[in-house]
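The chains referred to below are lettered A, B, ... by the order of the sequence lines, with proteins before strands, and numbering in each begins at 1.
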Number of protein chains: 2
Amino acid sequence: MSIVARQRDPNLASIGTCDRRVAGSRGRFRVHSKKRITSFDIAELAGVSQATVSRALRGDPSVSEDTRRRVEAAATTLNYTVDKNASNLRSKLAGTLALLFFDDPTPDDSHINPFFLSMLGSITQACARQGYDLLISFQELGRDWHADFAESKKADGIILLGYGDYLTHASRLEKLRAKGTRLVSWGAVRPDQPCITIGCDNFSGGRAATEHLLDQGCRRIAFLGDASRHFPEFQERYRGHLQALRTRGIVPDDALQVDAESSQSSGRLALKTLMARAEPFDAIFAASDLIAIGAIGALSEHGIDVPFEVAVAGFDDIPMASYVNPPLTTVQQDTRRAGEMLVDSLLRLIHNEPVASRMLPMKLIVRRSSLWQEVPRAESPREA
Amino acid sequence: MSIVARQRDPNLASIGTCDRRVAGSRGRFRVHSKKRITSFDIAELAGVSQATVSRALRGDPSVSEDTRRRVEAAATTLNYTVDKNASNLRSKLAGTLALLFFDDPTPDDSHINPFFLSMLGSITQACARQGYDLLISFQELGRDWHADFAESKKADGIILLGYGDYLTHASRLEKLRAKGTRLVSWGAVRPDQPCITIGCDNFSGGRAATEHLLDQGCRRIAFLGDASRHFPEFQERYRGHLQALRTRGIVPDDALQVDAESSQSSGRLALKTLMARAEPFDAIFAASDLIAIGAIGALSEHGIDVPFEVAVAGFDDIPMASYVNPPLTTVQQDTRRAGEMLVDSLLRLIHNEPVASRMLPMKLIVRRSSLWQEVPRAESPREA
DNA sequence: GACGGACGTGCATACGTATTCATGGATGCT
DNA sequence: AGCATCCATGAATACGTATGCACGTCCGTC
């Protein structure tokens, strides 16, 4: 920071008094300086005007094939690269998308939720495929995060990523949209979302998980996860869970729902809370894999066997899920597809093409944590 | 892309024929258009010149406190944000760092090496703390990756991240440096590295892991990981491994080294290769956790118990390591610190402050995969 | 042979900010 | 009081590219 201001404004001698140059009149001042190579240099070398260079390199069809080749050759020779700042300034585009990452609830250490990491990977790759750069920023939900990207022209659009409730910040989002900021979010797809949202079918996913547990013979299935409005995704999963129960004629028991955020420690805590209630349960459906993994840890501390005493299912299918012991039954979100859809939707928004929120299908992945295998489950639910 | 060119160049009527404006003469043309708010608008509202606005907002000490307050108030009122493109164009800075991510060896699916994901997280946060943005790009080692960032002024410096050999690309790096590009890399810290490098003490880490296995009574320790020059980090770990053996008077057996890249599938494959050699072994030191996890999987397929028949140690301490069964003994790299150091070093480079490559200490994390616990290990090494 | 296009190119200029230089007024010193 | 300073500010301009417009030039057509 301290040494920032270094360069001078040389070559004031040009010709006019204005910000204007003629192709040929530039070289003279450049001979000895090793300043940046600009489109004027290319123009001179290729024997055309700067304007033509710009057009040629951008693939403007009005440039003849012959000229284009000459320009490209000159550019290669001088190892020229378009100055993105100037280009963006002029074109009012950035060629960049911003990914805002909300990790509000669990700022424990630097550990990012693995599911989001996976999303990050796929978003990055989707951007690359589309020729866009990706600007990443971790944010806390509290602050004035909006101001710094679209408005400062650093990005053409914004992707919002994070569990949580965008509705709480609806007014802020509205303000952004009013300014013409393009944004898409990942989350629960609901009619009242304040912006284009891509998300998985959390409801069906939750239903599928619970149906599977019911199929395994479980009858008292605990739900670990915040079912409040503030976590719409969890709420949807919970709704799916409830519906599955009701369809099978089981009356949901509020005592079997425990709030939890998406972290192992929270899952561990939730399980202890559940046990403290002394409610019998024979299965756990956790609203995220991290919660499930935390719960499994706590169960094993209590000497309770998974899956023989308590079956467990999670949600997300993070990489870790297949490596815990026992491997975790879970509902898989297709992060690759999700990342692609987020980027595609945002680009469509940017290009003023029609876009709609979309819900992606999910897939139940059955692993050992919910399976009896050979050993039959005890007849009555386990007493806590 | 198709609708990119939309806006017109309005307001040509200004005054002169040049790229020049006077503070007051602007508002007239703005009244009806909802164009971008510029520093001229702020200037007008605050009753100062555009130059003063720029200075005030950048914290130039030559602006009086009174004026600064007025300018800031005006900026807040109009919800003004500096246009980064214009600012960067003028100042020749970007306020952005680029993270180039080389995932060459394992392009399987979209799964990024978890260790690098962890690094990514810590680098992102370190950047945020320093007030820099982070541009992320996945690259394949083959191509002309260098051209697109520093040269195009999108980033002030570059961080290189990836297992692999930068030496292979030394000429390219050299070319970059000759152009004044600032870059730092993560990797093996060795005197012949072509650029500032931050890395862990792979040698000591490798030695520590092998010493630990020796302490457990293992005598025929297989090394899974590419020991060639192309993976300097693995090579260093291997060297540490060898040194530990020799110090204890054990003659290394080449038959116990199997090449592997950092992925589970590669680890699985390497183990099968090892078994095919019919060499007895009682422990495995894998050059990365992913390799170790793959190997454990393959071992269990063969009905070989870990750790009772074969002890296993990995490297990296990725999150998954503590959740596999059995939990994996490994050598921990402090990714948080590493990310900070990378960013700090790069910033020092950018600010022309002295910097040196640095090696970070590592820490052996002992978990169950390498421990006998109560059960004593069989006297003779296992026959494959 | 004249005319209407289409095509390819150059000219001039704007994008919004940062910075150099000049200026006028206040301040300090003798 | 007179002069040298310093301070705060304004005026002018460059950063490098993209693009509206105008100007040939080379056709084919009647």
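- The side chain of B:Thr52 contributes an N or O atom lying less than 4.0 Å from OP1 or OP2 of D:dG10.
- Here the C1' atom of nucleotide C:dG16 and the NZ atom of A:Lys154 are 15 Å apart, to the nearest Å.
- The separation between A:Asp60 atom CG and C:dG8 atom C1' is 10 Å, rounded to whole Å.
- We find that CG of B:Leu57 is positioned 13 Å from P of C:dT19, with the value rounded to whole Å.
- For B:Ser39, a side-chain nitrogen or oxygen approaches OP1 or OP2 of C:dT17 to under 4.0 Å.
- Considering only side-chain N and O atoms, A:Thr38 lies nowhere under 4.0 angstrom from the phosphate OP1 or OP2 of D:dG16.
- Where B:Ala51 and B:Asn85 meet DNA chain C, the nucleotide closest to each residue was compared, and B:Asn85 sits on the side nearer the 5' end.
- A donor-acceptor pair under 3.5 Å is absent between the side-chain atoms of B:Ser87 and the main chain of B:Asp83, judged by distance alone.
- Remark: side-chain polar atoms of A:Arg70 are paired, donor with acceptor, to backbone N or O of A:Ala46 under 3.5 angstrom.
- With hydrogens and angles left out, the side-chain atoms of B:Asp60 and B:Ser62 include a donor and acceptor closer than 3.5 Å.
- Put simply, A:Ser62 has no side-chain N or O that comes within less than 4.0 Å of OP1 or OP2 on C:dG8.
- When distances are taken from the side chain of B:Gln50 to each of C:dG10, D:dT9, C:dA18, the shortest belongs to C:dA18.
- With distances taken from any side-chain atom of B:Ser91 to the nucleotides C:dT19, C:dG10, D:dA18, the minimum falls on C:dT19.
- What separates CG of B:Leu89 from P of C:dA14 is a distance of 16 Å, to the nearest Å.
- The distance between atom CG of A:Asp83 and atom P of D:dA14, rounded to the nearest whole Å, is 17 Å.
- When atom types are taken as modelled, the side chain of A:Arg358 and the backbone of A:Ile198 share no donor-acceptor pair closer than 3.5 angstrom.
- Between the NZ atom of A:Lys92 and the C1' atom of C:dG16 there is a distance of 9 Å, rounded to whole Å.
- Listed for the B:Thr76 side chain is no donor-acceptor partner under 3.5 Å among the backbone atoms of B:Ala74.
- A donor atom on one side chain and an acceptor atom on the other are found under 3.5 Å apart for A:Lys154 and B:Thr96.
- Residues that satisfy the side-chain hydrogen bond (donor to acceptor under 3.5 Å, both in side chains) test with A:Ser357, not counting sequence neighbours, are absent from this structure.
- Only B:Val63, B:Ser64, B:Thr67, listed by number, bring a heavy atom of residues 63-72 of chain B to less than 4.0 angstrom from any atom of DNA chain D.
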>> Run the side-chain contact (heavy atoms from CB on, under 4.5 Å) test on A:Met119 and A:Leu342 for me, step by step, so that the C-alpha distance in whole Å, both residues' side-chain angles and the decisive distance to 0.1 Å come before the verdict.
In response: CA-CA 10 Å; A:Met119 288 289 291; A:Leu342 281 169; 3.7 Å; yes

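- Rotation axes derived from the C1' atoms of the five outermost pairs at either end of the helix from C:dG1-D:dC30 to C:dT30-D:dA1 lie 30° apart, to the nearest 10°.
- A donor-acceptor pair is defined here as one N or O able to donate and one able to accept, closer than 3.5 Å; such a pair exists between the side chain of B:Asp156 and the backbone of B:Gly95.
- Counting to the nearest Å, the P atom of C:dC7 and the CZ atom of A:Arg55 are 15 Å from each other.
- Across all strands shown, B:Ser87 has heavy atoms under 4.0 Å from sugar-phosphate atoms exclusively, and none from any base.
- Taking atom CZ on A:Phe40 and atom P on C:dT13, their separation rounds to 13 Å, with Å as the unit.
- Between the side chain of B:Thr77 and the backbone N or O of B:Ala73, at least one donor-acceptor pair lies under 3.5 Å.
- The phosphate of C:dT19 has neither OP1 nor OP2 within less than 4.0 Å of any side-chain N or O from B:Arg90.
- At the phosphate of C:dC15, neither OP1 nor OP2 sits under 4.0 Å from any side-chain N or O atom of B:Arg36.
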